[in-house]
Structure formats: C-alpha cells, structure tokens
Protein chains: 4
Amino acid sequence: MSSTKASVVDPGMTASERPGRLAAGQDPVKRQQILDGANRVFSQMGFDAASMNDITREAGVSKGTIYVYFNNKEELFIDLCQQYKAALFDGIYQALESNNSDLREALIQFGISLSTLITSNAGIRAQRVIIGVAERMPSMSSSFYEKGPKKGLALMRALLDKHVAAGSLAIEDTELAAYQLSDLFHSGLLRRRLFGQMELEPEPEQIRKTVTAGVDLFLKAYKA
Amino acid sequence: MSSTKASVVDPGMTASERPGRLAAGQDPVKRQQILDGANRVFSQMGFDAASMNDITREAGVSKGTIYVYFNNKEELFIDLCQQYKAALFDGIYQALESNNSDLREALIQFGISLSTLITSNAGIRAQRVIIGVAERMPSMSSSFYEKGPKKGLALMRALLDKHVAAGSLAIEDTELAAYQLSDLFHSGLLRRRLFGQMELEPEPEQIRKTVTAGVDLFLKAYKA
Amino acid sequence: MSSTKASVVDPGMTASERPGRLAAGQDPVKRQQILDGANRVFSQMGFDAASMNDITREAGVSKGTIYVYFNNKEELFIDLCQQYKAALFDGIYQALESNNSDLREALIQFGISLSTLITSNAGIRAQRVIIGVAERMPSMSSSFYEKGPKKGLALMRALLDKHVAAGSLAIEDTELAAYQLSDLFHSGLLRRRLFGQMELEPEPEQIRKTVTAGVDLFLKAYKA
Amino acid sequence: MSSTKASVVDPGMTASERPGRLAAGQDPVKRQQILDGANRVFSQMGFDAASMNDITREAGVSKGTIYVYFNNKEELFIDLCQQYKAALFDGIYQALESNNSDLREALIQFGISLSTLITSNAGIRAQRVIIGVAERMPSMSSSFYEKGPKKGLALMRALLDKHVAAGSLAIEDTELAAYQLSDLFHSGLLRRRLFGQMELEPEPEQIRKTVTAGVDLFLKAYKA
DNA sequence: TATGAATGAGCCTTCATTCAT
DNA sequence: TATGAATGAAGGCTCATTCAT
C-alpha cells in the first residue's frame, strides 16, 4: 500500500481500457478508482471537509458515476474505511499464528509488521480520519479497532498465556501485558506520527530498533 | 476541566453583569464564554461539521460578537486548541519537577496525572479533534504535541539520565526509554478510548493499576 | 382505457417476440409499450416530477430506445397527450351522431359515455396532468380541449338547434345551453374527482342518476 | 387580487424600507414578498418545475432568507396554497348568509362573486397548480376544495332546503341541485379557462349573463 | 458595542441526455 | 439496432461571514 494509492486490485489498465462492459456499479476497477480518489481526498481533508466534487476530480470519474457505485458520501466513506482495515490488518498475523518456537523472534516479527503498517503514511492517514469522526460515527471507529488492534491483542495474549502455562514467562495479568507489549512496539513512533511531529515514515531500521527494544524490555521484566 | 465545561476562568458573573465597559473584543469573560461554547460544539462535531450557529447558540453570544473576538472559524478553533493544551498540560509536571527522592513514586504520581487527563472525556475529545485536522493544520497538532507530550518526555528523560548517572538505572537510550515509559502509562487505555472502544472515563483505580504496572515493568527491566 | 394500462393496440405479443425487424423507431408495438409506461409514470407524478428512469423501468425498454422513438421527454409527453385525447374521446359521439329521434334518450346516452370517461381514473389523471402544464404548454391543453369537449359541444349545439328549429325546444342561446348541459352531465362528480375529494371512480348507477337529473332539469326548463 | 400580484397586505413600502427590525422569519411584509414571488413562479411553472432560484430572483430576496421564513419548498408551496384559498374564498359568502328574501337575486349575486374569482387569472392559476399536484399531495387539493367549493355548496343547499320547506321550490335531492347550480354559474367559462381556451379573464358582463342564465334555468325547472 | 437578518457560494444529490459497446 | 453506463448542469438546501440597526 503506497502512501498515495491504496489500490488493492491492479489489473494493469484503467477501467475504460478494459474490454467488455460491466453492469452499473459492478466494475471493480472503476470502483477501486473511485475508492482511490476518495482515499486521497478523505485522507487530506477528513470526512466533512472533503467534497464530492474533489473526489470526482481526484478519481477522474463523473459525479453521477460515483453515485452509481455508492449511495452517498457516507457509504463511500464507510466502504473506504473497510478497505483501510483490510489493507492494514489482513495477513499480518502470520508471525503469531505460525507455530513459532522462538517467542522473542515471533514477537519481533509481528511487531515490525504491525508498526510498519500503522506508522506508514497510509496507515496514519486512515487512523486520523477514523479518529476524527469517532465522536459522530462510533460504530466505524469501533469496528476499525476490533478488526485491527483487538485481534492482534487477542493473539498476543494467547501466546503469552501459553508461555505462562509452560513456565517460561511469569505474568499475572496477560491482558494488560499484551496491551503493554503492543504499545512498546511503536514507542515514540505512533503518537509523534499521529500528531504530525514526524513527517516521514520511519525507516525500517528505526522500526526494527524500536520493536526490538520493546520486546527485550518486556521479556526481561516478565521472564520467569 | 470537566467533560462538558472547559471553563478555566470563572469570575463569578457573566460578561453582561460585569461593571464598566470594555473595548470591542477585549472582555476576557465573554471571550471565555465563546471558547466554552466552541469547545462543546467542536468536541462533538469536529471542526468541519461544527457550525458557527451551533457555537452561537451554545455560547449564548451573538454571531457578530464572535467575529469581534475571533477573525473567523479557524482562528477560533486555533485559540481553542491553545486552551486545550493549557487545560491539559499546565501544572502536571510538578511530580517530576519537585525534587523527589523516590523515583518509583514520582513516576507513578506523574503517570497518574498524565493518564487521567489524556483519557478523560475532555482530553479524548481534544485529541480527536486535533488529530482529525492534523493533515490540514499540521502546525496546530504539532504545537499541541510539543506543549504536551514532548515536555513531559523531556522531563522524564532528564530524570532517567540523572538516575543512570547515579547508577541506579542501566539504560542505554534514555530517549527511547522515556517514550516507552510514557506509552506504558496508558497501556490499554488511550488507544481504546480514542477509537471509542471504551465509552466511559476509566476509573481512578484502573488508572492507578495501569500506571503502577507500567512503572514496575519499566523499573524491573531497567534497574541497574 | 383501464386505470393502469392505457394500451390501445394489443397485437398479442411483445415487441421482441415479433418476427422481422423494423427500422429504428418504427415498431408501433414498442412505441406503444413506451407510451404505456410513460402514461403510468406521468399520471402519478405529473410531467416534471416524472423521471425518464421511471419510464424506462415502467416501460421495460432501455433509455436509448426511448430516445429513438421520441426526441426528448417533452415530445414523449406531447405524444402521450395526443393518445389521451384519442382514448378519451374517440367514438363517444355516436349517440349524438346517429339519427336519434328521442332527444332525451340521446342526451342521456351521450352524457353517460362522456361522464364515465372524464371521471374515470385514467380520465382524471389525464386531465390533471394536462391542466398542470397548461400554463407552460398552452397548445397542448388547448388541443386537448378542442379534440374533446369542444367537439361534443358542437354536436350538442347542432342537435339543440335542430330541435329549436323544429319547435320542440325554446332556447335563445344554444351555445350557452350546450355548455350548461355539458356541465350538468357531471355535476358534483368532475370537480370533486379533480380535487381528490372523491377517491373512487363513481359507480355507473351514480353517473346515470346524475346525467338523468341533469338532462331532465335542462329539458324541463327549455321545453317549448 | 391582480393577476400578477396576490399581495394581501400592502403597507405601502417594501420590507427593507420599513423602520424597526423584526425577528428572523417574523416580518410579514418580507414574508408576503416571498409568497408573491413564489406565486408568480409556481403559477407559471407548477410546483415541480419551479426552482427555488427562480423564486429567489422573483421575490428579490436571497435564498437563505427564504429558508428562514419557510422550512422547505413544499412548505412554502403549502403556505401559498393556504393564501390562495383565503384570497379566493374569504368573504364571498355574504350574499348567501345575509338574510336575503329574494332567492333569485341572492343566487345571482353569489354566483357572480364566485365565478368572477374562480375564472380570474389568479384563480385559474391557483386551481391549475393545485390540480397539477393533486395526485401527489392529495391533502392539499382536498383542503382547497373543502375551504372553497364545499362551503359554498353547503350554504346553497341550506338555502334551497329552506325554500323547499317553504314550498317555493320543488326539489327532491337538494345536494345534487346545489352541485348543478354551482356548475351552471360558470358554464362555458371555467373549463375553457382551465384548459387555456379562453386567454383573457371573462368580462363582468359575460359573467353576469352566464350566471343569470344559469340561475334562471335552475329556477324555472325547480319552481314549485 | 452587540446583534442577528441577510447574503450567496458551495454543498450533496438527481436526472435528461449521449454514445461506446 | 438496442443498450445502459457515463456525463455534468442544475436542483434543494446550508452556513461562514457581513453590516445595518
């Protein structure tokens, strides 16, 4: 996911270049074209300041067409947020799910994946937009959280539980410990990024360093 | 700062009851009256969805008057954000600044103050609003961060440096450690609150528990 | 003309089932299919509120096809109004044209035919639509009136003139008398129907009673 | 009521010339100014084809102001229709209500008042507009009918009942008779006017002649 | 000085019409 | 030839800002 283009499908040609003709609102390429335009606009302006005209221009599609694919501005936004979730969280849990014998390595791998995504430009923009409307559209931000952070937390907690049972970790409250670990993954990165204090995406090396330091801090304190 | 009324000044009478007459845009009580109304509206709607009419109604002041005190909606918003910073961060650094011999206790006190504020309803709303416009008004979110988190981080780091020098802590990178500590203060609280996953302000007891666990984790791992 | 289907032609098969292939815009069955759909939509919504999409759906024909048969929405509407006239007024003048020796019976028969039609659901809808656009499309309502009421009036007047000449009626102004008679045919029916004060089509018995009373009133006053 | 200006109030100055300042949506002159503009536009275009921009221009008032006085287009229209009713029917029943001993004269006076109004330009336009939306806004056309025709009919019927009881008239069904009479008032006028077959308002002389002929026809047939 | 009625640009959305398929 | 996806002007309505009172 690049910082300006959230495209998930990419058949290598634009909607108008493709052969055949699809039913109204059924062309996935055009749909994605609209979502990409909407992503750029919503990311920069937030939901309310973004105008359908802006999206029209950015997506290179006429206004009427947008309304064939999406019933209204809010539904377009909701669909875009679904895509944010998918783009951010799909497939980053492998490091935890694969039966990894080395706890430290598994946590570091997962932490790097997670931190890389949520501190990426696209990830930061998505979080900003969603946090910005959390007061008025609580269900959206809720579902974002549940699809993303919550799932990772559950997996981490299960992993910690296993190691506690095996005697390799000594943790009283594994739920709290999972929260701690997940925050340690992006110490000094996420918050600064969200508030615009760090303009560029952190370098992979910086992420690795931060994650490693966090995991080591965590393991040193909690080892049995 | 209560969750519905952010008034910082309270001279015990409304603007119109006060004696004398101030130059246009010079009455600090009326100014605060406007900011309080704006706070309630911006907190609920975000910057763009809030209307000046809403603020007019909420502040109990006429539209013309608002424009005497603030040039436009954006400046009103900026001034309000300045106030957020003041309300949130002024006077919470004593626990660190006072010459406290007990490190653990000092960190816990500071952590509780900080976490209580930034997970309060008012604090969450302020952060949401500011994060929501971070893309379009980077300077505002930046200055918010600098006034708030950054200052606390600098103080914490200085404290850590002192203890490292004194040999009671063994930390290689105290900057990173300060980030880690500040994130551990609100593990499992801030993020859930921001995304609307935790509707009510956390109980003081929950905050104390979280902060204590974070500080203990930190100290256990970093003690010399 | 039923209230929901104004079809005048019915060749027993839909356009696409018919053999051969007609030049664009030349198939009278398809043309009627469009007019029937348009009738249903225009009747319910009026000219301006009706959308070509509604008509498309109702007619079961594509938008492009409609534009092959009719240049634009207005022409479709005009053609439909022509059809209203035909459907309403064609063939109702026999009672007057046939050389009927019994004046009373002839007037009653004609009155019943006329009142039945113009108070029918289809008739009321057609009149409403046409009256509704009379200000903007005067020629259409004019021609509707001329094809319908005016012709009947002329025939009635001729009949009255004949009876005046024969000495059986004593009428000074037979033009005015014809107007009076035509209004008496639907006393208490037409106006209430137009303004929606009578929801259902009047029963045949009610029409007969009204027409008979009107004719008798008329003849009693004007008999020689 | 002139044909282009339905103004009921006329304080001799425009809203902006008047002294003092009224609360939003409370200035009756400005309100009337809007209604007058709306009247001109709705009369010419009908409800659906009329645009709020047209009304804005015609009323000489900004769009925002219209929305202070009326919640939306439909409410503006409804209020205008109320005014149509008032302008058309208020105070035309005196001829019937005053204790008039001469039946013929009373009916003629009332008939002239009624016919003059409902065949006036303003009256015709109002009826066209209301008939044009009768299918979609049945309550409006219903209430128009009830305020207008229905009330006159009830009064006429009561009068006829009185004369039947007194033995001066012999009518079986006075309800039907009242309908007949009311239609005879405008024989050859109303319908032609509605369908645009008579461009100019009928001359007073023509109305008098028509009404007189109708009343005489009626009385001759129904006299005891 | 404070007020709030008025303004009009701009918002989201619809729909008559076109034209590539 | 028939189709219906795409267009974009125009619709109803809102709201930041102004200015007469």
Side-chain angles (χ1 to χ4, degrees), chain A residues 15-16 19-27 30 48-56 61-74 76, chain B residues 15-16 21-27 30 48-56 61-74 76, chain C residues 15-16 21-27 30 48-56 61-74 76, chain D residues 15-16 19-27 30 48-56 61-74 76:
Chain A
S16 52
R21 188 174 206 187
L22 292 146
Q26 296 306 313
D27 184 339
K30 180 153 286 183
D48 292 291
S51 88
M52 292 302 271
N53 266 333
D54 296 337
I55 294 172
T56 279
V61 157
S62 83
K63 230 180 307 186
T65 300
I66 293 184
Y67 280 89
V68 168
Y69 282 78
F70 304 92
N71 283 321
N72 51 44
K73 189 185 178 184
E74 185 160 333
L76 168 57
Chain B
S16 51
R21 189 170 198 180
L22 293 144
Q26 296 307 313
D27 183 340
K30 182 155 282 186
D48 292 291
S51 86
M52 293 301 273
N53 262 333
D54 296 336
I55 295 172
T56 278
V61 158
S62 84
K63 218 137 24 139
T65 301
I66 293 184
Y67 279 88
V68 168
Y69 283 78
F70 305 91
N71 283 322
N72 51 41
K73 190 183 176 184
E74 186 161 332
L76 168 57
Chain C
S16 52
R21 188 169 198 182
L22 292 145
Q26 295 307 311
D27 184 340
K30 181 156 283 186
D48 292 291
S51 87
M52 293 300 272
N53 262 333
D54 296 336
I55 295 172
T56 278
V61 158
S62 84
K63 222 145 7 149
T65 301
I66 293 185
Y67 279 87
V68 168
Y69 283 79
F70 304 92
N71 284 322
N72 52 41
K73 190 184 177 185
E74 186 160 333
L76 168 57
Chain D
S16 52
R21 188 173 206 188
L22 291 146
Q26 296 306 313
D27 183 339
K30 179 152 286 184
D48 292 292
S51 88
M52 293 303 272
N53 268 331
D54 296 336
I55 294 172
T56 278
V61 157
S62 82
K63 225 179 310 184
T65 300
I66 294 185
Y67 280 89
V68 168
Y69 282 78
F70 303 93
N71 283 322
N72 51 45
K73 189 185 178 184
E74 186 160 332
L76 168 57

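- Formation of a donor-acceptor pair under 3.5 Å by the A/Lys73 side chain with backbone atoms of A/Ala50 is found in this model.
- Summarising the geometry, the separation between CD1 on C/Ile66 and C1' on F/dA2 is reported as 12 Å, rounded to the nearest angstrom.
- When the side-chain contact (heavy atoms from CB on, under 4.5 Å) test is applied to B/Ser62, the partners found at least two apart in sequence or on another chain are B/Thr65.
- When the C1' atom of F/dT17 is taken as reference, atom OH of B/Tyr69 falls 19 Å away, rounded to whole Å.
- For the pair C/Tyr69 (side chain) and C/Asp27 (backbone), a donor-acceptor distance under 3.5 Å is present.
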Show me the protein contacts with nucleotides 8-12 of chain E, counting only N or O atoms at under 3.5 Å.
from: E/dG8; atom 1: O6; to: D/Gly64; atom 2: N; distance (Å): 3.4
from: E/dG10; atom 1: O6; to: D/Lys63; atom 2: NZ; distance (Å): 3.2
from: E/dC12; atom 1: OP1; to: A/Ala50; atom 2: O; distance (Å): 3.1
from: E/dC12; atom 1: OP1; to: A/Lys73; atom 2: NZ; distance (Å): 2.8
from: E/dC12; atom 1: OP2; to: A/Met52; atom 2: N; distance (Å): 2.7

Per-nucleotide pairing state of DNA chain F [Watson-Crick or G-U, under 3.5 Å; [ ] pseudoknot-crossing; | other strand]: .||||||||||||||||||||
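- For A/Thr56, there are no side chain to side chain donor-acceptor pair (under 3.5 Å) partners at least two apart in sequence or on another chain.
- Under the side chain to side chain donor-acceptor pair (under 3.5 Å) criterion, C/Asn72 pairs with no residue, sequence neighbours left out.
- In this structure A/Asp48 satisfies the side chain to side chain donor-acceptor pair (under 3.5 Å) test together with A/Arg136, sequence neighbours excluded.
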Residues B/Asn53, B/Lys63; criterion side-chain contact (heavy atoms from CB on, under 4.5 Å); working and verdict: CA-CA 7 Å; B/Asn53 262 333; B/Lys63 218 137 24 139; 3.1 Å; yes
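- Here E/dT21 presents its C1' atom at 14 Å from CG of A/Asp27, a figure rounded to the nearest Å.
- Here the straight-line distance linking atom CG of B/Leu76 with atom CG of B/Asn71 works out to 10.5 Å at 0.5 Å rounding.
- Position along DNA chain E of the nearest nucleotide to D/Val61 versus C/Glu74 favours D/Val61 as the more 5'-ward residue.
- Residue D/Ile55 contributes atom CD1, which lies 11 Å from atom C1' of F/dG12 at whole-angstrom precision.
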